[in-house]
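Take a look at the structure set out below.
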Amino acid sequence: MFEDGSIINELFIERLNYLIYVVLLLIGLHAMIAKNNLIKKLIGMSIFQTAIILFYVSVGVKEGATIPIYLPEHDPHGSHASHSDGNETEQSNHGPVVLDAELVKGYSNPLPHVLMLTAIVVGVATLGLALALCLRIYQGYGTIEEDEILAKIEGQEMGTKPSVVVKSVDSSKPATSQSAKPASKPKGSSSPSPKRSKASPRTKAKATSPTTKAKTSGAKPVSPKRKAAASKSTTTGSKKSPAKPKTAASKSTTKAKPKPRAKPKAKPTARAKATSTAKKATASKPKPKTPKK
Amino acid sequence: MKKLSLIPVLLVGALLIYAAEDFPEWGSPSAPASASPLSSHFISNTGVDTEVPNMVTAVLADYRGFDTMFETVVVFIAGMAVLAILKNSSGPNSKKKIFHIETEPDIIVTNTVRLLIPVIQIFAFYVLAHGHVSPGGGFQGGVVMGASFIMIALSWDLDTALARFPVERCTVVAGLGIILYGGIGLLSMFLGGEFLDYAELANIFPVSREMARYHAMLGVEIGVGLTVTAIMFSLYANLSTEGRLKGGL
Amino acid sequence: MMENAIAWILIFPLFGSVACAILGMGNKKICYPIAVLSMAGSLWAGIEALRQVIASEEHTISYIFGGWTLDQYPRGVGIEFYADILGILITLVVLGVGLIVAIYSKLPVQEETPGKEPLFYTLFLLQITGLAGICLTGDAFNLYVLIEVAALTGYGLIAMGSNRAAAATFNYVMLGTIGASLYLLGVGYIYIKTGTLNMIGIQQAIEANGLADSATMQVAFVLVGIGILIKMAFFPFHAWLPNAYCNAPTTTSCLLAPLVTKVMIYVMIRMVLSVFGVEFSFESTMWVDVMPWLVVVAILCAAIMALAQREIKRMLAYLIVAEVGYMVGGIWIYNYYGFIGSIFHVISDACMTLCLFLGAGLILRKAKTTKFDGLRGLFGKMPLTMTGFFIGGFSIIGLPPTCGFFSKWYLITGGMVSQRWEYMVVLMFSTMVMVVLFFRLIERIHLAVTESGENLGHGHGDLGLNAEQTRFDEGPLSMLIPLLVSATIVIVVGIYNQDVVSLIEIFLSDYNLPRGTGH
Amino acid sequence: MSAPEVTVIEDIRPLIALVAPLIGLIGIVWAGEKRRNLRETFTFLAAIVQASAVLSMVPLLLGGGIIEFHIWQIFTNVPLLLRVDGFGLLFACVASLLWIATTVYAIGYMRGLHEHAQTRFYSFFAISLSATMGVAFSANLLTIYFFYEMLSVSTFPLVTHMQDKEARTGGRTYLGYLLFTSLCLLLPALSWCYVWLDGGTVTMDFLADTGKVGEFSQTTQIILLALFTFGFAKAGLMPLHSWLPGAMVAPTPVSALLHAVAVVKVGVFCVIRVYSDIFGTEVLRELDGEDWLIGIACATILISSLIALSQDNLKRRLAFSTIGQLGYVVLGATLATDMGIGGSVLHIAMHACGKITLFFCAGAIFVASGKKYVSQLRGLGRRMPITMGAFMIGSLSVIGLPPLGGFVSKWYIALGALDRDAIWVVGVLLVSSLLNVFYLLPVAVTAFFRTDETEENPGIQEAPMACVVPLALTALGCFVLFFLSDPLLRLVKIIE
């Protein structure tokens, strides 16, 4: 079945790269579209770009050719030319020469490599920027699961004006921010407004304390793991880590209490859900039991 | 959602496979990409035009130097954008999230790194400077150099690294890198050529036009290296601390 | 120095941005003048370049970086800037909008992104650099790099807004990366067949090697097309645009909304005409039959979605999507007038979108909201602002003598010539939708009646509509003057459209497009 | 009626007539609400300048010349061109003269009712007058389209002047009808002509391109004819008429000038332009499918008259009567005979004069007594004799009895019908005149001859002088026009 000309032969034997890059590209594309976790989306993005790079590099392949760096006998400065035969030396004596077609066949095409150097750099830049966005989103919404983010945005949509307004308002003058917020309140239920105030960092500056406390303690549980991974001295690290939530909780009002209890047993996504529900709870009624269910 | 997303994905796949049939022979020297006057010119004339043995470097820094300048700009943009996104985004309560590490950094790690760092940095310079005759160049050297600073941050902590290379200085260095690159282009423009026409530098330096390109490429690569080094480190510093640049690793 | 005018167009903002980044750390105040000055310098260089292009005999300037001139080296060895009249016109639009927005940006940037002015202006200027470069470059891969420059700066500028903006930006990053990567892949397909990256070289190769019916080139055409369509927020791929533009800082939306999509339209025109060539794009592919219908769907959906909005910026965002449909349609109905229409619409739409978003920014600043219901009686408070805003609105509707009328006129004429009735009908429909949208706004601002219909003003609008009770409360001059200038531009471009169109006709005369007149 | 062999004079006076209101506008806005006298002086000055500029062109026209002024080039081969021929000048004279009267009237009316936002009122009034002049002096279709749209938009704030709920509904119907028709019917028709006549080189000029449409196939011509006729919805032809009653929420001066003179007359003006100068009478007569237009016009006349009978609100009744009268004008044009077109041209002037009188009276009654409904007018005749007398005269003129202006125009339209051997049209004219009698005369009759037993309106006397004088003048005008009809016809070159 591998006779010449059959598509199997075409794709699997002679042009394997062209098949592999397509597969990689599809994997990446599917991850970018379908995955729910932003980080997984980014991983998909990297695979996607890598596939394209593979394609370009495959274009650069040339049978019987070496890397596009002059062999010693073609070195423009002829430093190595003395070791080779005389014909070369006399060429190298009067400077570099234009290689003839035969010698050109000996080197592979430099252009694709250059292009891919550029593409790689662009990919790195995009990735770094996207990671920063993920951090920012996590700060704002306490999760990097797309559906949860959308849910929270929905929650803010009702009964609030776009957060751009909030920002421009209380960055311009706080006095008007006081006047502007109640204007938006009555439309929606009471619950969205504290969550809204979590939405934009600059509102947080002026917003009521319970929300900020809840948010910090919501992001808190990351801390001990990260520190354990960081410094080998886990004893002191783990000794201090429960201490910190206590201080935060003690400084905070009773509403911030549920979080330390919700923390230890929850996995990341579960924890995010717990915190979010807990915030709803704190907004509506200070009953600490809700996050458990 | 997942099911739906398969449809466009598979469509794209079918499209690409369909095209893959029509591609020229695998790796044949007569394929348009390899046989085009462009690539043959790069291969045959690089030595004559620029006297640089490494064609990739020549194409990167000279033939397509304009691309590479914007490539550097892209790196610069990434650094600036990350700063813009993360700068004081975590609000006033951010101090609550800084973890003070009481214990000393591990002695074995730090001492090993003490030994390694100089070697790494020397190697970075080598990669940068030797890019003309061997694989390497500004980006690679810059990344290695940036990695050395990241290594400091990993083995001690970020504050130690930032004490040696503050983020403000990162911005300055990155900007200087671009200014160096563009400045060489500008200078060669003032000397009567087009933008980035390094050959014109022969008017003020005692070298042939080809060697002028040769040396200008080195300068350009240095500019790239500066930018990449600074941005790599500032990216790490910002991302690892959510832009607070305090505490953490 | 003047022979390098094209290079100066990019050099000014590039160095200006670096200067902002470095000097701005010392003194934040210095960024604003740097930005304005470098934009002014760049605009001056652009005008100079336009003069040169018109003066040159074949109306194009080919500027090759690195001195790899065509007389000694094969084409495509160096990177070529290929400035024909179209490219230089769009460049001027980019630079002009950039200058106006730069002047406008003084207060919004200070208020909305305090402490980040240096970063903002750095990204701002680099955005202009990227967009202007896109309009000028003659190298397919360099185009990709510049697209990414523009895209990354755009991400940064948008994400400086609220958390909401960050979330929106993430989608933008995803879609934008897919688009750019597909374009890159398409360029790779072109390269594998033609062996060159230079646009003119590609077209020569297509004609010389008869690649019109090669599967690879067809797929390359599709990939490049999809990539560009995603970038220009054509209807099925528009998802990133509304959220991004609504939650971005004011200045950002003022800069991106007029430019990004339009520049991508330009890229499509460039690809269709200069890279693949008219024969390839329209004769040897079936897209000329398919695209108009996609355009019809796109315009319909965008217009209907715009109707559903209750908030100015979001409504404008969907209007942009609809306008993109106009321009793509103008290209794909494939005739002379259609191309004139879409090219002129690129220019005029940039002007009027700028006008509208500047106005929206001022409204937002005064009324503290862009929800429709918050706007009652604003006309009495800020008549100049509202006048400017409505001039932009009339232009979107297409009322003479604003420039919107003329571009729409040419588009309709194009649809008439190639007898694309469905395109004309949908143009009419969306025109009516825009009438509804904007006069709904005018009612809000002019009448004393709430949405529910109860009568606040008792027929004698005590809503600041009486001069007796009016306390004029216009925005600051640094924001008001740019708005009025852009409104004037909208009208002036309309009045002197003949001069612009004659330039476009010079450009189109190189391509044999069907004129299809007669009976 | 556009004779090719005429001496063309380059003259700026049309532009002056066009720009005078805009300059006045600056003064108006600058004077503002604080200095109302100054403001109204500016309005008055603008009206005077405009009228004098227009009138000063009459001798040139009677001398057989045509005035042109080139503003700027819109498209290749399509200039924005002002040209004054007899027809346009006649319309311009009517509009500008009546503007003066209206200005005086408006001062009395607005002040009498202490209306709000008078500055806005006068400003947009000026703009719409400038647009009207533009339409009157346009030399080709695109120019006319520009000013047509300008008029639609600039009258919106006037229609919704009251800013309340019914103002909103009225404004919505107003703009909805006008912009929909102009953007969705007119624009395609224009671009159709632009593209398919001589490959885009046609200028759509009223002089040069008359009859070029004949190149099209019959069906195409029919379609174009329909697009144009209904595209100019300001003409209020029957299916697209209901914006006009809706627009009656506007203050009376607006209804008077705009919806009895400027706006609606601009509509029929455009229709006549298209019929006589784009199609040309010959082409139109050969157009076999063109009779149904006559039918529609007649239907409009009769149906609107019937509706008017049932209206009790005085202004609405007048509005429907206006629709009917516009029907006459369109009818005269569709007859496509010189007599008919001449008649409709005359009818523009005659009906304008008569109808504005009626509106003035209605407004005066409202100012003096606050009464809006016909049934409330009992016995008002004794208390406000001048007003009601003027109303009587105006009604008779609209009905079309000699020696009043309305008679002449109807007479010529009837002659045009006879030229077409369309006897039934004459019948329609007679019936409709009868209907006019039924819905107009009762108003005056109730006012004079019905004493209100319940003495419900004590102490009502004449409206303020500023209201009464203009309506007396316009009533006088109805007589004068009857005797001026010959020079008018000579002006529009129906009879040499």
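Each chain gets a letter, A, B and so on, in the order its sequence line appears, and its residues count up from 1.
Heavy atoms of B/Tyr214 lying under 4.5 Å from chain A belong exclusively to its side chain. Neither the backbone nor the side chain of B/Ile231 comes within contact range of chain A; no heavy atoms are under 4.5 Å apart. Of the atoms belonging to A/Leu71, not a single heavy atom falls under 4.5 Å from chain B. In this structure, chain B has a heavy atom under 4.5 Å from the side chain of A/Val124, while its backbone stays farther away. For chain A, no part of B/Val109 is nearby; none of its heavy atoms comes within less than 4.5 Å. Looking at B/Met80, neither its backbone nor its side chain comes within 4.5 Å of chain A, counting heavy atoms on both sides. Neither the backbone nor the side chain of A/Ile27 comes within contact range of chain B; no heavy atoms are under 4.5 Å apart. Residue contact with chain B, scored on non-hydrogen atoms closer than 4.5 Å, involves the backbone of A/Ser108 exclusively.
Among B/Ile77, B/Asn54, B/Thr72, the residue with the largest count of heavy-atom pairs under 4.5 Å with chain A is B/Asn54. Here A/Ala132 is the residue among A/Pro112, A/Gly60, A/Ala132 with the most heavy-atom pairs under 4.5 Å with chain B. Of the listed residues B/Val74, B/Leu60, B/Leu38, the one with more heavy-atom pairs under 4.5 angstrom with chain A than any other is B/Leu60. Of the listed residues (A/Leu129, A/Leu29, A/Val98), the greatest number of heavy-atom pairs within a distance under 4.5 Å of chain B belongs to A/Val98. Options A/Leu127, A/Val59, A/Asn109 differ in how many heavy-atom pairs under 4.5 Å they form with chain B, and the most are formed by A/Asn109.
We find the CG-OG1 distance between B/Leu83 and B/Thr171 to be 5.5 Å, quoted to the nearest 0.5 Å. One finds the CG atom of B/Leu86 at 8.0 Å from the OG1 atom of B/Thr241 (value rounded to the nearest 0.5 Å). We find the OG1-CD1 distance between A/Thr118 and A/Ile53 to be 10.5 Å, quoted to the nearest 0.5 Å. Separating the CZ atom in A/Phe48 from the CD1 atom in A/Ile33 is a distance of 8.5 Å, to the nearest 0.5 Å. Separation of atoms CG (B/Leu11) and CD1 (B/Ile7) is listed at 7.5 Å; rounding is to 0.5 Å.
Within residues 132-145 of chain B, the residues that have a heavy atom under 4.5 Å from a heavy atom of chain A are B/Val133, B/Ser134, B/Pro135, B/Phe139, B/Gln140, listed by number.
Environment of CD1 in B/Ile107: sparse, with no more than 12 heavy atoms of neighbouring residues, nucleotides or ligands closer than 6.0 Å.
Relative ring orientation between B/Phe149 and B/Phe233 is described as tilted, the plane-to-plane angle lying within the 30° to 60° band. Aromatic ring orientation, A/Tyr18 versus B/Phe23: perpendicular (interplanar angle above 60°, classes split at 30° and 60°).
Distance alone, capped at 3.5 Å, places no donor-acceptor pair between the B/Ser34 side chain and the B/Ser30 backbone.
Residue pairs that meet the salt bridge (Lys or Arg N to Asp or Glu O under 4.0 Å) test with at least one member in residues 29-38 of chain A, sequence neighbours left out, do not exist here.
In summary, the side chains of A/Asn37 and A/Glu145 do present a donor paired with an acceptor at a separation below 3.5 Å, with no hydrogens or angles considered.
Of all heavy-atom pairs spanning A/Ala65 and A/Tyr107, the tightest one is CB-C, 3.6 Å.
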